[in-house]
S.K.: 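Dumping the structure here so I can ask a few things about it.
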Amino acid sequence: MAEITLKYDARNSLAKKTLDYILKLGVFKKVTGIDEALEDEKKGRVTSHASVDDYFKKMKLN
């Protein structure tokens with residue numbers, strides 16, 4: 001799947017309306033930060049640590 005990144009002025013009403021229209025077509029999907037985080041979790045790209053001290057101990061080993 002290809003990815004498109006759009007940069008626009010969020011205060012520009014024409015840009016916002018155009019983006020809303022494109023998304024309403026159903027051809028494109030808006031990916032949020034939550035979606036990306038859940039994908040990271042599914043693919044095992046998330047680590048957990050018992051405490052901050054544990055985290056720093058593991059950092060020093062790498």
Side-chain angles (χ1 to χ4, degrees):
M1 179 182 286
E3 183 175 313
I4 298 172
T5 302
L6 300 173
K7 292 184 181 183
Y8 63 96
D9 182 356
R11 293 175 287 170
N12 183 323
S13 64
L14 179 59
K16 286 172 41 175
K17 288 177 184 178
T18 303
L19 183 57
D20 288 340
Y21 171 74
I22 291 171
L23 292 172
K24 284 181 186 177
L25 291 173
V27 177
F28 300 100
K29 177 184 172 193
K30 184 176 182 179
V31 179
T32 65
I34 298 290
D35 294 328
E36 291 176 347
L38 291 171
E39 184 69 22
D40 286 344
E41 185 179 29
K42 285 181 191 174
K43 292 190 175 184
R45 297 184 292 224
V46 178
T47 59
S48 60
H49 304 279
S51 66
V52 174
D53 293 330
D54 182 46
Y55 172 72
F56 284 115
K57 286 177 187 175
K58 288 181 181 178
M59 281 182 47
K60 289 179 184 178
L61 296 176
N62 293 334

S.K.: Check the surroundings of atom CD1 in I34: do more than 12 heavy atoms from other residues, nucleotides or ligands lie under 6.0 Å from it?
M.R.: no
S.K.: Can you sort out the partners of D9 under salt bridge (Lys or Arg N to Asp or Glu O under 4.0 Å), two or more places apart, ordered by chain and number?
M.R.: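 If we apply the salt bridge (Lys or Arg N to Asp or Glu O under 4.0 Å) test to D9, skipping adjacent residues, the hits are R11.
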S.K.: How long is the span from the CE atom in M59 to the NE2 atom in H49, to the nearest 0.5 Å?
M.R.: 9.0 Å
S.K.: Check step by step if salt bridge (Lys or Arg N to Asp or Glu O under 4.0 Å) holds for K57 and D53.
M.R.: CA-CA 6 Å; K57 286 177 187 175; D53 293 330; over 6 Å; no
S.K.: Closest approach of D54 and A50, non-hydrogen atoms and distance?
M.R.: OD2-N, 3.4 Å
S.K.: How many angstroms lie between NZ in K16 and CG in D20, if you round to the nearest 0.5 Å?
M.R.: 8.0 Å
S.K.: Side-chain heavy atoms under 4.5 angstrom apart, residues restricted to Ile, Leu, Val, Met, Phe, Trp, Tyr: same cluster for L19 and V27?
M.R.: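 The answer is yes; both residues are in one hydrophobic cluster.
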S.K.: For residues 7-47, pull every pair meeting ring pair (Phe, Tyr, Trp, His ring centres under 6.0 Å), keeping only residues two or more places apart or in separate chains.
M.R.: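 Found none.
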S.K.: Please find the pair of heavy atoms, one from D40 and one from R45, that lie closest to each other, and give the distance.
M.R.: OD1-NH2, 2.7 Å
S.K.: Nearest 0.5 Å please: distance from the NZ atom of K24 over to the NZ atom of K17.
M.R.: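 Here the rounded value is 10.5 Å.
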S.K.: Quick one: pull up NZ in K30 and CG in L6 and give me the separation to the nearest 0.5 Å.
M.R.: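 Between K30 NZ and L6 CG, I get 10.5 Å after rounding to 0.5 Å.
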S.K.: Measuring from atom OG of S48 to atom OH of Y55, what distance do you get when rounded to the nearest 0.5 angstrom?
M.R.: 12.5 Å
S.K.: Should side-chain heavy atoms under 4.5 Å link Ile, Leu, Val, Met, Phe, Trp and Tyr, which residues sit in the same cluster as L14?
M.R.: none
S.K.: So, D35 and T32: side-chain donor and acceptor under 3.5 Å apart, yes or no?
M.R.: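 Result is yes, a qualifying pair exists.
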